[in-house]
Amino acid sequence: MRAGGSDPIREAARILAERGNVVVLTGAGISVESGIPSFRGSQGMWAKYDPMEYATLHAFMQSPRKVWEMLAEMVSVCGGAKPNAAHRGLAALEEMGVARAVITQNVDGLHQAAGSRRVIEYHGNLDELICVSCWKRYPTRDRWTPGSVPLCDCGEILKPNVVLFGEPIPWLAQEQAEEEARTCGVLLVIGTSAQVSPACDIPRIAKESGAAVVEINPEPTPLTASVTDIHLRGTASGVIGAMVRMFHDPDMRSPKG
Ligand code: APR
């Protein structure tokens, strides 16, 4: 569904302002402009690494050294990345009292680096390693160097504390994300192909709970024709940048009762 008005971004900003309680769901697309490849599409990580061979818990337990080849690339690329205008814009919207939480599928920590305070890491974070045997945790920077396969004090191989395919979502993150979706006025969905569950169920939960769904993505997704009220067809930094400028206008922020 496309916005009918002349300026769909302004129309969407009005809906955010009028309804309030804005919660954001982000995917890999928001970090593309920080130099981190997304997963799907011709330039995506999964075009280079078959996820069934490199990104399942089973594959990690079978051949951890092989899976660490892919993980090493992710740790290096994410480690060197900086937040972009979209990450900073969301932190600004939180500061203005427009957005109240970010649910992210990303494991790059860029929302927190941009200054967002309430961030629900639905798929974990690469900054921490966990032992698959004794569950001990370590900061990645203390245990991992390029080319190495990090080991726990117990001798077992460490895995980044991210959710691989076949692993459950951390229950607290799932609880918090669903609670935010059930109680938000608007769900702003940015840069996700909405193909991976249960993350792709969050917009449906929000919609069924009465929220408006605004989607920012250069491409349509399965959400666009199903739950999305306004599809803003553009890049995260372009659209969020424009929205933040609109919210600097006090009139824009005042309509909510
Ligand atoms: N701004 C906004 N959206 C963008 C941009 C951009 N600059 N560039 C690309 N996109 C969109 C793409 O059109 C695509 O719809 O971002 C989306 C990225 O989709 P995926 O690569 O599938 O990433 P994501 O949806 O986050 O994947 C979900 O799948 O592989 C697993 O665990 C991994 O968290 C990941 C999950």
Side-chain angles (χ1 to χ4, degrees), residues 8-9 12 24-57 59-60 67 70-71 73-75 77-78 81-90 102-111 114 119-126 159-170 173-174 177 187-204 213-228 230-244:
I9 300 179
V24 186
L25 172 66
T26 64
I30 196 171
S31 295
V32 164
E33 295 158 88
S34 293
I36 302 176
S38 62
F39 293 97
R40 292 166 188 81
S42 57
Q43 308 303 312
M45 280 288 277
W46 300 153
K48 186 173 176 184
Y49 298 100
D50 177 344
M52 291 308 112
E53 269 185 60
Y54 286 92
T56 67
L57 182 62
F60 184 87
V67 171
M70 182 273 292
L71 292 169
E73 187 169 325
M74 281 187 77
V75 173
V77 171
C78 292
K82 296 271 179 287
N84 61 54
H87 298 106
R88 295 192 298 273
L90 292 178
V102 174
I103 305 164
T104 188
Q105 298 170 79
N106 302 342
V107 292
D108 54 33
L110 292 182
H111 287 298
V119 179
I120 299 167
E121 295 185 305
Y122 204 72
H123 290 157
N125 192 308
L126 283 167
K159 170 184 134 347
N161 201 5
V162 299
V163 177
L164 296 176
F165 290 105
E167 277 192 286
I169 303 297
Q174 179 136 27
L187 188 75
L188 187 54
V189 182
I190 308 175
T192 181
S193 63
Q195 295 184 35
V196 171
S197 71
C200 63
D201 299 331
I202 293 170
R204 181 182 47 72
V213 176
V214 174
E215 187 181 7
I216 301 174
N217 195 317
E219 305 297 330
T221 71
L223 299 174
T224 314
S226 57
V227 297
T228 297
I230 297 185
H231 175 207
L232 301 174
R233 202 172 179 146
T235 65
S237 66
V239 174
I240 293 294
M243 257 188 196
V244 170

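Just follow the structure's listing: the first ligand is 1, and inside any ligand the first atom is 1.
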request  = Check salt bridge (Lys or Arg N to Asp or Glu O under 4.0 Å) between Lys82 and all other residues, then give those that pass, not counting sequence neighbours.
outcome  = none

message = Determine whether a donor-acceptor pair (N or O, by modelled atom type, separation under 3.5 Å) exists between the side chain of Ser34 and the backbone of Ile36.
response = no

Check each N or O atom of ligand 1 against all protein N or O atoms and list the pairs under 3.5 Å, with atom names and distances to 0.1 Å, one per line.
unit_1, atom_1, unit_2, atom_2, d
ligand 1, 1 (N), Ala236, N, 2.9
ligand 1, 7 (N), Glu33, OE2, 2.9
ligand 1, 13 (O), Asn217, OD1, 2.8
ligand 1, 15 (O), Asn217, ND2, 2.9
ligand 1, 16 (O), Gly191, O, 3.3
ligand 1, 19 (O), Ser193, N, 3.4
ligand 1, 21 (O), Phe39, N, 2.8
ligand 1, 21 (O), Arg40, N, 2.9
ligand 1, 22 (O), Arg40, NH1, 2.7
ligand 1, 22 (O), Ser193, OG, 2.6
ligand 1, 25 (O), Thr192, OG1, 2.7
ligand 1, 25 (O), Ser193, N, 2.9
ligand 1, 25 (O), Ser193, OG, 3.4
ligand 1, 26 (O), Ala28, N, 2.8
ligand 1, 27 (O), Arg40, NH1, 3.1
ligand 1, 29 (O), Arg40, NH1, 3.2
ligand 1, 29 (O), Arg40, NH2, 3.2
ligand 1, 30 (O), Arg40, NH2, 3.2
ligand 1, 30 (O), Trp46, NE1, 2.8
ligand 1, 34 (O), Gln105, O, 3.3
ligand 1, 34 (O), His123, ND1, 2.9

ask   = Taking the side chain from Asn217 and the backbone from Gly191, do they hold a donor-acceptor pair closer than 3.5 Å?
value = no

Contacts of type side-chain hydrogen bond (donor to acceptor under 3.5 Å, both in side chains), residue Ser31, not counting sequence neighbours = His87, Asp108

ask   = Roughly how far, to the nearest 0.5 Å, is CD1 of Ile120 from CD of Gln174?
value = 11.0 Å

key: For Gln105, all residues meeting side-chain hydrogen bond (donor to acceptor under 3.5 Å, both in side chains), sequence neighbours excluded   = Thr192

